[in-house]
Asks: 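Before I ask anything, here is the structure I am working with.
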There are 2 protein chains.
Amino acid sequence: MTLSEEDYIKAIYHLGKGENSMVSTNEVAEQMRTKPSSVTDMIKKLSEKGVANYRKYKGVCLTEHGQKLALTLVRKHRLWEVFLVDKLNFAWDEVHEVAEQLEHIKSEKLTDRLDKLLGYPEVDPHGDPIPSKTGEFKKAVKKLLNEVPVGASGTCVGVKDSSAPFLKFLDKNKIALGDAITVLEKEEFDGSLHIEVKGKSIHISNQIAANLYLKITE
Amino acid sequence: MTLSEEDYIKAIYHLGKGENSMVSTNEVAEQMRTKPSSVTDMIKKLSEKGVANYRKYKGVCLTEHGQKLALTLVRKHRLWEVFLVDKLNFAWDEVHEVAEQLEHIKSEKLTDRLDKLLGYPEVDPHGDPIPSKTGEFKKAVKKLLNEVPVGASGTCVGVKDSSAPFLKFLDKNKIALGDAITVLEKEEFDGSLHIEVKGKSIHISNQIAANLYLKITE
DNA sequence: ACAAATATTTAGATTTGCCTAAATTTTAAT
DNA sequence: ATTAAAATTTAGGCAAATCTAAATATTTGT
(Lines give C-alpha, C1' and ligand atoms only; values in the text may rest on other atoms or scores of the structure.)
Protein backbone atom coordinates (compact mmCIF):
# COMPACT_ATOMS: atom_id res chain seq x y z
CA MET A 1 0.00 0.00 0.00
CA THR A 2 1.32 3.38 -0.92
CA LEU A 3 0.44 6.20 1.44
CA SER A 4 -0.17 9.77 0.34
CA GLU A 5 1.14 12.97 1.83
CA GLU A 6 -2.37 13.62 3.01
CA ASP A 7 -2.37 10.38 4.94
CA TYR A 8 0.75 11.45 6.79
CA ILE A 9 -0.66 14.91 7.50
CA LYS A 10 -3.79 13.37 8.95
CA ALA A 11 -1.84 10.99 11.13
CA ILE A 12 0.38 13.73 12.48
CA TYR A 13 -2.65 15.90 13.11
CA HIS A 14 -4.57 13.25 15.00
CA LEU A 15 -1.61 12.13 17.04
CA GLY A 16 -0.98 15.79 17.87
CA LYS A 17 -4.34 15.76 19.60
CA GLY A 18 -5.72 18.88 17.98
CA GLU A 19 -3.15 20.84 19.94
CA ASN A 20 -0.22 20.67 17.64
CA SER A 21 2.19 18.80 19.88
CA MET A 22 5.34 17.09 18.70
CA VAL A 23 4.75 13.48 17.70
CA SER A 24 7.40 10.79 17.41
CA THR A 25 8.43 8.88 14.35
CA ASN A 26 7.40 5.58 15.91
CA GLU A 27 3.97 6.83 16.83
CA VAL A 28 3.34 7.84 13.25
CA ALA A 29 4.72 4.57 11.97
CA GLU A 30 2.52 2.50 14.23
CA GLN A 31 -0.61 4.51 13.45
CA MET A 32 -0.02 4.14 9.74
CA ARG A 33 1.12 0.56 9.83
CA THR A 34 4.37 1.37 8.16
CA LYS A 35 8.02 1.37 9.20
CA PRO A 36 9.76 4.16 11.11
CA SER A 37 12.31 4.56 8.34
CA SER A 38 9.58 5.22 5.82
CA VAL A 39 8.14 7.83 8.14
CA THR A 40 11.49 9.58 8.47
CA ASP A 41 11.75 9.81 4.69
CA MET A 42 8.28 11.21 4.19
CA ILE A 43 8.50 13.61 7.09
CA LYS A 44 11.61 15.12 5.56
CA LYS A 45 9.71 15.71 2.38
CA LEU A 46 6.77 17.28 4.18
CA SER A 47 9.24 19.45 6.01
CA GLU A 48 10.80 20.64 2.77
CA LYS A 49 7.37 21.46 1.43
CA GLY A 50 6.65 23.67 4.41
CA VAL A 51 3.87 21.46 5.70
CA ALA A 52 5.62 20.08 8.78
CA ASN A 53 8.33 21.08 11.20
CA TYR A 54 10.85 18.32 11.70
CA ARG A 55 13.80 18.15 14.02
CA LYS A 56 15.99 15.09 13.88
CA TYR A 57 15.38 12.70 16.74
CA LYS A 58 12.92 15.17 18.24
CA GLY A 59 9.78 14.46 16.31
CA VAL A 60 7.45 16.34 14.02
CA CYS A 61 4.51 18.73 14.15
CA LEU A 62 2.52 20.56 11.50
CA THR A 63 3.21 24.09 10.35
CA GLU A 64 0.33 26.55 10.23
CA HIS A 65 -0.12 25.59 6.61
CA GLY A 66 -0.06 21.91 7.46
CA GLN A 67 -2.72 22.41 10.09
CA LYS A 68 -4.96 24.10 7.53
CA LEU A 69 -4.58 21.11 5.26
CA ALA A 70 -5.34 18.73 8.11
CA LEU A 71 -8.44 20.67 9.09
CA THR A 72 -9.66 20.59 5.53
CA LEU A 73 -9.24 16.83 5.47
CA VAL A 74 -11.09 16.43 8.76
CA ARG A 75 -13.84 18.69 7.49
CA LYS A 76 -14.23 16.69 4.31
CA HIS A 77 -14.11 13.36 6.10
CA ARG A 78 -16.81 14.30 8.56
CA LEU A 79 -19.05 15.99 6.01
CA TRP A 80 -18.96 12.86 3.88
CA GLU A 81 -19.84 10.80 6.95
CA VAL A 82 -22.90 12.93 7.50
CA PHE A 83 -23.78 12.59 3.83
CA LEU A 84 -23.54 8.83 3.96
CA VAL A 85 -25.72 8.58 7.05
CA ASP A 86 -28.26 11.32 6.34
CA LYS A 87 -28.63 11.01 2.59
CA LEU A 88 -27.68 7.43 1.80
CA ASN A 89 -28.90 5.76 4.98
CA PHE A 90 -25.64 4.16 5.90
CA ALA A 91 -25.34 3.06 9.52
CA TRP A 92 -23.10 5.39 11.52
CA ASP A 93 -20.60 2.63 12.15
CA GLU A 94 -20.02 1.70 8.51
CA VAL A 95 -19.11 5.07 7.07
CA HIS A 96 -15.51 5.44 8.11
CA GLU A 97 -13.85 3.42 5.39
CA VAL A 98 -15.77 5.10 2.59
CA ALA A 99 -15.24 8.58 4.05
CA GLU A 100 -11.56 7.73 4.20
CA GLN A 101 -11.60 7.57 0.42
CA LEU A 102 -13.96 10.48 -0.19
CA GLU A 103 -11.95 12.89 1.93
CA HIS A 104 -9.22 12.92 -0.72
CA ILE A 105 -11.43 14.33 -3.47
CA LYS A 106 -10.06 17.71 -4.46
CA SER A 107 -12.72 20.33 -5.10
CA GLU A 108 -13.43 23.17 -2.75
CA LYS A 109 -16.69 23.82 -4.51
CA LEU A 110 -17.76 20.23 -3.92
CA THR A 111 -17.02 20.46 -0.21
CA ASP A 112 -18.87 23.72 0.21
CA ARG A 113 -21.90 22.61 -1.76
CA LEU A 114 -22.00 19.37 0.19
CA ASP A 115 -21.89 21.35 3.42
CA LYS A 116 -24.87 23.36 2.21
CA LEU A 117 -26.80 20.28 1.06
CA LEU A 118 -26.40 18.80 4.53
CA GLY A 119 -27.54 21.99 6.25
CA TYR A 120 -24.17 23.02 7.65
CA PRO A 121 -23.95 20.25 10.25
CA GLU A 122 -21.81 20.87 13.31
CA VAL A 123 -21.03 17.29 14.25
CA ASP A 124 -20.57 14.02 12.43
CA PRO A 125 -22.44 10.78 13.16
CA HIS A 126 -19.88 9.90 15.83
CA GLY A 127 -20.47 13.18 17.63
CA ASP A 128 -17.17 14.69 16.55
CA PRO A 129 -17.26 18.34 15.54
CA ILE A 130 -16.95 19.43 11.91
CA PRO A 131 -14.55 22.32 11.28
CA SER A 132 -16.15 25.21 9.40
CA LYS A 133 -14.77 26.37 6.07
CA THR A 134 -12.54 28.76 7.97
CA GLY A 135 -11.31 26.08 10.34
CA GLU A 136 -13.41 26.84 13.42
CA PHE A 137 -14.62 24.03 15.60
CA LYS A 138 -17.84 23.88 17.51
CA LYS A 139 -17.58 21.91 20.74
CA ALA A 140 -17.88 18.17 20.57
CA VAL A 141 -21.15 16.47 21.42
CA LYS A 142 -19.21 13.36 22.23
CA LYS A 143 -18.21 12.71 25.81
CA LEU A 144 -16.81 9.89 27.84
CA LEU A 145 -19.67 8.35 29.76
CA ASN A 146 -18.10 9.19 33.12
CA GLU A 147 -18.16 12.89 32.21
CA VAL A 148 -21.82 12.94 31.25
CA PRO A 149 -24.06 14.74 33.78
CA VAL A 150 -26.79 12.80 35.55
CA GLY A 151 -30.03 12.85 33.59
CA ALA A 152 -28.42 13.24 30.20
CA SER A 153 -28.98 10.77 27.35
CA GLY A 154 -27.03 9.83 24.31
CA THR A 155 -25.99 7.15 21.90
CA CYS A 156 -23.03 4.93 22.44
CA VAL A 157 -20.75 5.82 19.52
CA GLY A 158 -17.39 4.39 20.39
CA VAL A 159 -14.92 2.97 22.84
CA LYS A 160 -11.64 4.33 24.05
CA ASP A 161 -10.27 0.94 25.01
CA SER A 162 -10.86 -1.51 22.20
CA SER A 163 -9.15 -4.46 23.84
CA ALA A 164 -10.83 -7.82 23.70
CA PRO A 165 -11.53 -8.03 27.46
CA PHE A 166 -13.29 -4.69 27.46
CA LEU A 167 -15.40 -5.51 24.44
CA LYS A 168 -16.24 -8.83 26.01
CA PHE A 169 -17.37 -7.05 29.12
CA LEU A 170 -19.64 -4.78 27.12
CA ASP A 171 -21.12 -7.73 25.38
CA LYS A 172 -21.81 -9.56 28.59
CA ASN A 173 -23.59 -6.50 29.94
CA LYS A 174 -25.60 -6.12 26.76
CA ILE A 175 -24.14 -2.77 25.88
CA ALA A 176 -23.57 -2.35 22.15
CA LEU A 177 -22.45 0.46 19.93
CA GLY A 178 -25.51 2.36 18.81
CA ASP A 179 -27.44 1.80 22.04
CA ALA A 180 -29.29 4.67 23.65
CA ILE A 181 -28.01 5.27 27.16
CA THR A 182 -29.33 7.48 29.96
CA VAL A 183 -27.38 8.30 33.10
CA LEU A 184 -29.71 7.72 36.05
CA GLU A 185 -27.48 8.19 39.06
CA LYS A 186 -23.86 8.71 39.99
CA GLU A 187 -22.21 7.36 43.15
CA GLU A 188 -20.21 10.02 44.94
CA PHE A 189 -17.49 7.92 46.52
CA ASP A 190 -16.33 5.76 43.60
CA GLY A 191 -17.78 7.48 40.55
CA SER A 192 -19.69 4.39 39.50
CA LEU A 193 -22.90 4.88 37.55
CA HIS A 194 -26.43 3.61 37.27
CA ILE A 195 -27.46 3.81 33.66
CA GLU A 196 -30.40 2.74 31.57
CA VAL A 197 -29.74 0.70 28.45
CA LYS A 198 -32.45 -0.93 26.36
CA GLY A 199 -35.01 -0.38 29.11
CA LYS A 200 -32.80 -2.09 31.68
CA SER A 201 -31.08 -0.35 34.55
CA ILE A 202 -27.52 -1.49 35.18
CA HIS A 203 -24.59 -0.50 37.34
CA ILE A 204 -21.10 0.10 35.91
CA SER A 205 -17.79 1.16 37.40
CA ASN A 206 -16.12 4.47 36.67
CA GLN A 207 -13.37 2.48 34.97
CA ILE A 208 -15.81 1.19 32.43
CA ALA A 209 -17.55 4.52 32.01
CA ALA A 210 -14.22 6.17 31.29
CA ASN A 211 -13.89 4.05 28.17
CA LEU A 212 -17.27 4.51 26.54
CA TYR A 213 -18.08 7.43 24.27
CA LEU A 214 -21.56 8.91 24.22
CA LYS A 215 -22.93 11.22 21.58
CA ILE A 216 -25.11 13.45 23.72
CA THR A 217 -28.59 14.02 22.41
CA GLU A 218 -30.35 15.82 25.30
CA MET B 1 1.25 12.05 -13.12
CA THR B 2 0.78 8.43 -12.23
CA LEU B 3 -2.07 6.61 -13.93
CA SER B 4 -4.05 3.82 -12.34
CA GLU B 5 -5.10 0.51 -13.81
CA GLU B 6 -8.61 1.86 -13.81
CA ASP B 7 -7.54 4.76 -15.99
CA TYR B 8 -6.18 2.33 -18.55
CA ILE B 9 -9.29 0.19 -18.46
CA LYS B 10 -11.44 3.24 -19.07
CA ALA B 11 -9.30 4.40 -21.97
CA ILE B 12 -9.37 1.00 -23.62
CA TYR B 13 -13.10 0.80 -23.10
CA HIS B 14 -13.84 4.20 -24.59
CA LEU B 15 -11.51 3.74 -27.52
CA GLY B 16 -13.16 0.37 -28.13
CA LYS B 17 -16.35 2.31 -28.81
CA GLY B 18 -18.61 0.26 -26.61
CA GLU B 19 -18.11 -2.51 -29.13
CA ASN B 20 -15.04 -4.14 -27.71
CA SER B 21 -12.80 -3.69 -30.72
CA MET B 22 -9.04 -4.00 -30.67
CA VAL B 23 -7.34 -0.71 -29.91
CA SER B 24 -3.76 0.16 -30.68
CA THR B 25 -0.99 1.01 -28.26
CA ASN B 26 -0.57 4.43 -29.80
CA GLU B 27 -4.25 5.27 -29.52
CA VAL B 28 -4.18 4.49 -25.84
CA ALA B 29 -0.98 6.45 -25.37
CA GLU B 30 -2.36 9.52 -27.08
CA GLN B 31 -5.64 9.42 -25.20
CA MET B 32 -3.84 9.14 -21.90
CA ARG B 33 -1.11 11.58 -22.71
CA THR B 34 1.57 9.06 -21.98
CA LYS B 35 4.15 7.19 -24.07
CA PRO B 36 3.51 4.04 -26.08
CA SER B 37 6.18 2.17 -24.17
CA SER B 38 4.43 2.90 -20.90
CA VAL B 39 1.22 1.61 -22.40
CA THR B 40 2.88 -1.61 -23.48
CA ASP B 41 4.12 -2.16 -19.94
CA MET B 42 0.76 -1.60 -18.33
CA ILE B 43 -1.17 -3.55 -20.91
CA LYS B 44 0.99 -6.57 -20.21
CA LYS B 45 0.13 -6.30 -16.56
CA LEU B 46 -3.58 -5.96 -17.25
CA SER B 47 -3.31 -8.96 -19.48
CA GLU B 48 -1.68 -11.02 -16.75
CA LYS B 49 -4.45 -10.00 -14.38
CA GLY B 50 -7.07 -11.28 -16.78
CA VAL B 51 -8.53 -7.87 -17.42
CA ALA B 52 -7.36 -7.40 -20.99
CA ASN B 53 -6.46 -9.51 -24.00
CA TYR B 54 -3.18 -8.47 -25.50
CA ARG B 55 -1.45 -9.71 -28.61
CA LYS B 56 1.93 -8.30 -29.43
CA TYR B 57 1.83 -5.74 -32.22
CA LYS B 58 -1.88 -6.42 -32.67
CA GLY B 59 -3.41 -4.30 -29.97
CA VAL B 60 -5.56 -4.84 -26.91
CA CYS B 61 -9.18 -5.28 -25.90
CA LEU B 62 -10.92 -5.99 -22.62
CA THR B 63 -11.85 -9.42 -21.36
CA GLU B 64 -15.39 -9.99 -20.15
CA HIS B 65 -14.18 -9.22 -16.67
CA GLY B 66 -12.45 -6.06 -17.88
CA GLN B 67 -15.64 -4.90 -19.55
CA LYS B 68 -17.52 -5.34 -16.29
CA LEU B 69 -14.96 -3.17 -14.54
CA ALA B 70 -15.20 -0.54 -17.26
CA LEU B 71 -18.97 -0.48 -17.09
CA THR B 72 -18.83 -0.04 -13.34
CA LEU B 73 -16.51 2.91 -13.79
CA VAL B 74 -18.76 4.49 -16.41
CA ARG B 75 -21.75 3.92 -14.16
CA LYS B 76 -20.06 5.55 -11.21
CA HIS B 77 -18.77 8.46 -13.25
CA ARG B 78 -22.15 9.28 -14.69
CA LEU B 79 -24.05 8.81 -11.46
CA TRP B 80 -21.70 11.23 -9.75
CA GLU B 81 -22.23 13.70 -12.57
CA VAL B 82 -25.97 13.53 -12.01
CA PHE B 83 -25.41 13.98 -8.29
CA LEU B 84 -23.27 17.05 -8.81
CA VAL B 85 -25.80 18.66 -11.12
CA ASP B 86 -29.06 17.60 -9.44
CA LYS B 87 -28.08 17.74 -5.80
CA LEU B 88 -25.21 20.20 -5.63
CA ASN B 89 -26.25 22.54 -8.44
CA PHE B 90 -23.09 22.26 -10.44
CA ALA B 91 -23.34 23.35 -14.06
CA TRP B 92 -23.38 20.38 -16.41
CA ASP B 93 -20.11 21.47 -18.00
CA GLU B 94 -18.08 21.63 -14.80
CA VAL B 95 -18.71 18.18 -13.41
CA HIS B 96 -16.35 16.08 -15.45
CA GLU B 97 -13.14 16.68 -13.53
CA VAL B 98 -14.70 16.02 -10.15
CA ALA B 99 -16.54 12.93 -11.38
CA GLU B 100 -13.21 11.72 -12.71
CA GLN B 101 -12.02 11.57 -9.10
CA LEU B 102 -15.24 10.28 -7.57
CA GLU B 103 -15.52 7.36 -9.97
CA HIS B 104 -12.57 5.69 -8.28
CA ILE B 105 -14.25 5.41 -4.88
CA LYS B 106 -14.64 1.75 -4.04
CA SER B 107 -17.94 0.87 -2.42
CA GLU B 108 -20.69 -0.98 -4.18
CA LYS B 109 -23.10 0.02 -1.49
CA LEU B 110 -22.26 3.67 -2.04
CA THR B 111 -22.90 3.42 -5.76
CA ASP B 112 -26.21 1.65 -5.32
CA ARG B 113 -27.46 4.01 -2.65
CA LEU B 114 -26.42 6.98 -4.75
CA ASP B 115 -28.34 5.52 -7.67
CA LYS B 116 -31.41 5.27 -5.46
CA LEU B 117 -31.01 8.80 -4.08
CA LEU B 118 -30.94 10.13 -7.62
CA GLY B 119 -34.04 8.18 -8.62
CA TYR B 120 -32.30 5.65 -10.88
CA PRO B 121 -31.45 8.11 -13.65
CA GLU B 122 -30.98 6.72 -17.16
CA VAL B 123 -28.77 9.43 -18.60
CA ASP B 124 -26.15 11.80 -17.28
CA PRO B 125 -26.16 15.59 -17.72
CA HIS B 126 -24.44 15.23 -21.10
CA GLY B 127 -27.15 12.90 -22.36
CA ASP B 128 -25.01 9.81 -22.15
CA PRO B 129 -26.68 6.66 -20.84
CA ILE B 130 -25.94 5.27 -17.38
CA PRO B 131 -25.34 1.51 -17.22
CA SER B 132 -27.56 -0.25 -14.70
CA LYS B 133 -26.09 -2.26 -11.84
CA THR B 134 -26.11 -5.28 -14.10
CA GLY B 135 -24.45 -3.45 -16.96
CA GLU B 136 -27.43 -2.76 -19.19
CA PHE B 137 -27.57 0.45 -21.20
CA LYS B 138 -30.61 2.43 -22.13
CA LYS B 139 -30.22 4.21 -25.44
CA ALA B 140 -28.50 7.57 -25.49
CA VAL B 141 -30.49 10.78 -25.56
CA LYS B 142 -27.52 12.49 -27.11
CA LYS B 143 -27.34 12.85 -30.86
CA LEU B 144 -25.28 14.68 -33.40
CA LEU B 145 -27.28 17.67 -34.55
CA ASN B 146 -27.39 16.44 -38.15
CA GLU B 147 -29.15 13.25 -36.99
CA VAL B 148 -31.85 15.03 -35.04
CA PRO B 149 -35.30 14.93 -36.69
CA VAL B 150 -36.96 18.17 -37.80
CA GLY B 151 -39.07 19.64 -35.03
CA ALA B 152 -37.02 18.17 -32.18
CA SER B 153 -35.40 20.29 -29.47
CA GLY B 154 -32.48 19.80 -27.18
CA THR B 155 -29.59 21.31 -25.35
CA CYS B 156 -26.18 21.68 -26.86
CA VAL B 157 -24.03 19.46 -24.65
CA GLY B 158 -20.81 18.99 -26.53
CA VAL B 159 -18.74 19.12 -29.66
CA LYS B 160 -17.14 16.35 -31.62
CA ASP B 161 -14.51 18.59 -33.18
CA SER B 162 -12.93 20.73 -30.49
CA SER B 163 -10.44 22.48 -32.77
CA ALA B 164 -9.98 26.21 -32.39
CA PRO B 165 -11.48 27.07 -35.82
CA PHE B 166 -14.66 25.17 -35.08
CA LEU B 167 -15.08 26.67 -31.65
CA LYS B 168 -14.44 30.09 -33.16
CA PHE B 169 -17.15 29.44 -35.71
CA LEU B 170 -19.62 28.53 -32.98
CA ASP B 171 -18.78 31.65 -31.11
CA LYS B 172 -19.26 33.85 -34.16
CA ASN B 173 -22.68 32.29 -34.70
CA LYS B 174 -23.60 32.75 -31.06
CA ILE B 175 -23.95 29.07 -30.40
CA ALA B 176 -22.69 28.10 -26.97
CA LEU B 177 -22.66 24.91 -24.94
CA GLY B 178 -25.81 24.85 -22.89
CA ASP B 179 -27.96 26.61 -25.47
CA ALA B 180 -31.41 25.30 -26.29
CA ILE B 181 -31.66 24.42 -29.95
CA THR B 182 -34.66 23.50 -32.11
CA VAL B 183 -34.37 22.05 -35.60
CA LEU B 184 -36.73 24.05 -37.84
CA GLU B 185 -36.01 22.75 -41.32
CA LYS B 186 -33.64 20.48 -43.16
CA GLU B 187 -32.45 21.05 -46.77
CA GLU B 188 -32.73 17.89 -48.84
CA PHE B 189 -29.88 18.37 -51.27
CA ASP B 190 -27.00 19.33 -48.93
CA GLY B 191 -28.27 18.38 -45.49
CA SER B 192 -27.86 21.88 -44.16
CA LEU B 193 -30.17 22.99 -41.35
CA HIS B 194 -32.25 25.88 -40.19
CA ILE B 195 -32.21 25.94 -36.44
CA GLU B 196 -33.45 28.21 -33.71
CA VAL B 197 -31.00 29.31 -31.04
CA LYS B 198 -31.75 31.93 -28.41
CA GLY B 199 -34.82 33.08 -30.30
CA LYS B 200 -32.87 33.61 -33.51
CA SER B 201 -33.19 31.47 -36.60
CA ILE B 202 -29.88 30.60 -38.27
CA HIS B 203 -28.64 28.40 -41.07
CA ILE B 204 -25.76 25.94 -40.63
CA SER B 205 -24.08 23.45 -42.91
CA ASN B 206 -24.30 19.69 -42.47
CA GLN B 207 -20.57 19.79 -41.74
CA ILE B 208 -21.14 21.94 -38.69
CA ALA B 209 -24.18 19.99 -37.58
CA ALA B 210 -22.18 16.79 -37.70
CA ASN B 211 -19.95 18.12 -34.96
CA LEU B 212 -22.46 19.37 -32.42
CA TYR B 213 -24.02 17.12 -29.80
CA LEU B 214 -27.59 17.68 -28.66
CA LYS B 215 -29.17 16.22 -25.59
CA ILE B 216 -32.69 15.65 -26.86
CA THR B 217 -35.42 16.92 -24.60
CA GLU B 218 -38.57 16.55 -26.76
C1' DA C 1 26.67 9.03 35.42
C1' DC C 2 26.74 4.88 32.79
C1' DA C 3 25.24 0.96 30.56
C1' DA C 4 21.45 -1.19 28.53
C1' DA C 5 17.31 -0.59 26.22
C1' DT C 6 14.76 2.00 23.03
C1' DA C 7 14.06 5.17 19.34
C1' DT C 8 15.57 7.16 15.17
C1' DT C 9 18.13 7.78 11.16
C1' DT C 10 21.00 6.24 7.32
C1' DA C 11 22.48 3.12 3.70
C1' DG C 12 21.38 0.19 0.31
C1' DA C 13 17.97 -2.80 -2.10
C1' DT C 14 13.28 -3.44 -4.10
C1' DT C 15 9.15 -2.35 -6.61
C1' DT C 16 6.36 0.23 -9.73
C1' DG C 17 5.22 3.34 -13.27
C1' DC C 18 7.29 6.04 -16.52
C1' DC C 19 10.71 7.69 -19.89
C1' DT C 20 14.31 7.68 -23.94
C1' DA C 21 16.55 5.43 -27.40
C1' DA C 22 17.36 1.47 -30.02
C1' DA C 23 15.61 -2.69 -32.12
C1' DT C 24 11.91 -5.03 -34.25
C1' DT C 25 7.57 -5.70 -36.58
C1' DT C 26 3.85 -4.17 -39.38
C1' DT C 27 1.87 -1.24 -42.87
C1' DA C 28 1.80 1.39 -47.01
C1' DA C 29 3.53 3.02 -51.36
C1' DT C 30 5.51 2.35 -55.57
C1' DA D 1 7.42 -7.59 -53.97
C1' DT D 2 10.44 -4.50 -51.99
C1' DT D 3 11.43 -0.70 -49.37
C1' DA D 4 10.38 3.40 -46.72
C1' DA D 5 7.49 4.94 -43.09
C1' DA D 6 4.99 4.17 -39.06
C1' DA D 7 3.86 1.56 -35.06
C1' DT D 8 5.29 -1.27 -31.38
C1' DT D 9 8.24 -3.50 -28.29
C1' DT D 10 12.53 -4.06 -25.70
C1' DA D 11 16.42 -2.53 -23.03
C1' DG D 12 18.18 0.29 -19.73
C1' DG D 13 17.46 4.13 -16.45
C1' DC D 14 15.09 7.37 -13.32
C1' DA D 15 12.13 8.74 -9.47
C1' DA D 16 9.24 7.80 -5.59
C1' DA D 17 7.77 5.16 -1.71
C1' DT D 18 8.92 1.40 0.75
C1' DC D 19 11.63 -2.10 3.34
C1' DT D 20 15.66 -4.43 5.99
C1' DA D 21 19.69 -4.07 8.43
C1' DA D 22 23.21 -1.41 10.33
C1' DA D 23 24.65 2.77 12.55
C1' DT D 24 23.70 6.48 15.66
C1' DA D 25 21.27 9.10 19.11
C1' DT D 26 18.31 9.38 23.11
C1' DT D 27 16.20 7.72 27.19
C1' DT D 28 15.92 4.96 31.29
C1' DG D 29 17.13 2.33 35.25
C1' DT D 30 20.27 1.71 38.72
Side-chain angles (χ1 to χ4, degrees), chain A residues 1-17 20-63 66 69-70 73 100-101 103-104 106, chain B residues 1-17 20-63 66 69-70 73 100-101 103-104 106:
Chain A
M1 184 50 179
T2 178
L3 300 164
S4 68
E5 274 177 30
E6 290 190 341
D7 293 324
Y8 280 89
I9 291 171
K10 252 185 41 178
I12 296 169
Y13 175 81
H14 283 122
L15 290 169
K17 279 292 174 198
N20 193 23
S21 41
M22 222 66 171
V23 299
S24 76
T25 303
N26 272 12
E27 282 177 292
V28 176
E30 185 179 357
Q31 165 102 10
M32 306 188 68
R33 281 102 171 288
T34 187
K35 302 296 175 214
S37 55
S38 308
V39 174
T40 302
D41 284 349
M42 182 56 93
I43 276 176
K44 281 181 182 169
K45 180 167 313 172
L46 292 180
S47 195
E48 263 150 33
K49 289 205 180 183
V51 168
N53 292 315
Y54 167 58
R55 291 191 27 246
K56 263 192 184 184
Y57 295 103
K58 295 308 180 185
V60 67
C61 64
L62 297 174
T63 61
L69 295 177
L73 286 169
E100 200 80 4
Q101 298 178 62
E103 73 189 0
H104 294 295
K106 280 164 189 47
Chain B
M1 185 46 179
T2 179
L3 300 163
S4 67
E5 275 178 29
E6 290 190 340
D7 293 324
Y8 280 89
I9 292 172
K10 253 184 41 178
I12 296 169
Y13 175 81
H14 283 122
L15 291 169
K17 278 291 175 196
N20 193 23
S21 42
M22 223 64 174
V23 300
S24 76
T25 303
N26 272 11
E27 282 177 293
V28 176
E30 185 179 357
Q31 165 103 16
M32 306 188 70
R33 283 107 167 289
T34 186
K35 302 299 175 207
S37 55
S38 307
V39 174
T40 302
D41 283 349
M42 181 58 92
I43 276 175
K44 281 181 181 168
K45 180 167 314 175
L46 292 179
S47 194
E48 262 150 35
K49 289 206 181 184
V51 168
N53 291 316
Y54 167 58
R55 293 200 15 252
K56 263 193 186 183
Y57 296 103
K58 294 307 183 185
V60 67
C61 65
L62 297 174
T63 62
L69 295 177
L73 285 168
E100 202 78 6
Q101 298 178 62
E103 73 188 0
H104 295 294
K106 281 164 189 48

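None of the values given here were measured: they were computed from a predicted structure. Letters A, B, ... mirror the listed sequences (proteins, then strands); counts begin at 1.
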Asks: Can you tell me how far apart OG1 (B:Thr63) and CG (B:Leu46) are? Round to the nearest 0.5 Å.
Replies: 9.5 Å
Asks: Ignoring hydrogens and geometry, is there a side-chain-to-backbone donor-acceptor pair from A:Thr25 to A:Pro36 under 3.5 Å?
Replies: no
Asks: CZ of B:Arg55 versus C1' of C:dT25: gap in Å, rounded?
Replies: 14 Å
Asks: With sequence neighbours left out, which residue pairs that include part of residues 20-30 of chain A fulfil the salt bridge (charged side-chain N to carboxylate O under 4.0 Å, His left out) condition?
Replies: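 Every candidate salt bridge (charged side-chain N to carboxylate O under 4.0 Å, His left out) pair involving residues 20-30 of chain A fails, so no pair, neighbours aside, qualifies.
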Asks: To the side chain of A:Lys44, which of D:dT9, C:dT10, C:dC18 is closest?
Replies: C:dT10
Asks: Any side-chain N or O of B:Ser24 below 4.0 angstrom from OP1/OP2 of D:dT8?
Replies: yes
Asks: Is there a side-chain contact between B:Arg33 and B:Met1 in this structure, where contact means two heavy atoms from C-beta onward sitting under 4.5 Å apart?
Replies: no
Asks: Going by side chain to side chain contact (heavy atoms under 4.5 Å, CB included), name the residues that satisfy it together with A:Lys56, two or more places apart in sequence or in a different chain.
Replies: A:Tyr54
Asks: So which protein N/O to nucleotides 25-29 of chain D N/O distances come out below 3.5 Å?
Replies:
{"from": "D:dA25", "atom 1": "O4'", "to": "A:Tyr57", "atom 2": "OH", "distance (Å)": "3.4"}

Asks: In whole angstrom, what separates B:Lys49's NZ from C:dT16's C1'?
Replies: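 Computing the B:Lys49:NZ to C:dT16:C1' distance gives 11 Å.
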Asks: Might you list the N or O atoms of the protein lying below 3.5 Å from N or O atoms in nucleotides 12-15 of chain C, with each pair's distance?
Replies:
none

Asks: Between the side chain of A:Asn20 and the main-chain N/O of A:Cys61, is any donor-acceptor distance below 3.5 Å?
Replies: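 Such a contact is absent between A:Asn20 side chain and A:Cys61 backbone.
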Asks: How would you list, by chain and number, every residue that makes a side chain to side chain contact (heavy atoms under 4.5 Å, CB included) with A:Ser4, sequence neighbours excluded?
Replies: A:Glu6, A:Asp7, A:His104
Asks: D:dA16 P sits how many Å from A:Glu5 CD, rounded?
Replies: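 It works out to 11 Å between those atoms.
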Asks: Rounded to whole angstrom units, what separation is found between the CE atom of B:Met1 and the C1' atom of D:dA16?
Replies: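 Taking atom C1' of D:dA16 as the reference, CE of B:Met1 is at 15 Å.
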Asks: Nearest 0.5 Å, what's the CZ-CD1 distance between B:Arg55 and B:Ile43?
Replies: 13.5 Å
Asks: Rounded to the nearest 0.5 Å, how far apart are OG1 of A:Thr34 and OH of A:Tyr8?
Replies: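 Going from the OG1 atom of A:Thr34 to the OH atom of A:Tyr8 covers 4.5 Å.
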Asks: Within the distance-only criterion (no hydrogens, no angle test), does the side chain of A:Ser47 pair as donor or acceptor with the backbone N or O of A:Asn53 below 3.5 angstrom?
Replies: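 It does not hold such a pair.
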Asks: To the nearest 0.5 angstrom, please state how far the NZ atom of A:Lys35 sits from the CE atom of A:Met32.
Replies: 13.5 Å
Asks: Compare side-chain N and O positions of A:Asn26 against OP1 and OP2 of C:dT6 and report whether any pair is under 4.0 Å apart.
Replies: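 No, because none of the side-chain N or O atoms of A:Asn26 sits under 4.0 Å from OP1 or OP2 of C:dT6.
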Asks: If you take any heavy atom closer than 4.0 Å to DNA chain D, which residues from residues 28-40 of chain A end up in contact?
Replies: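 Residues of residues 28-40 of chain A that come under 4.0 Å of DNA chain D are, in numerical order, A:Thr34, A:Lys35, A:Ser37, A:Ser38.
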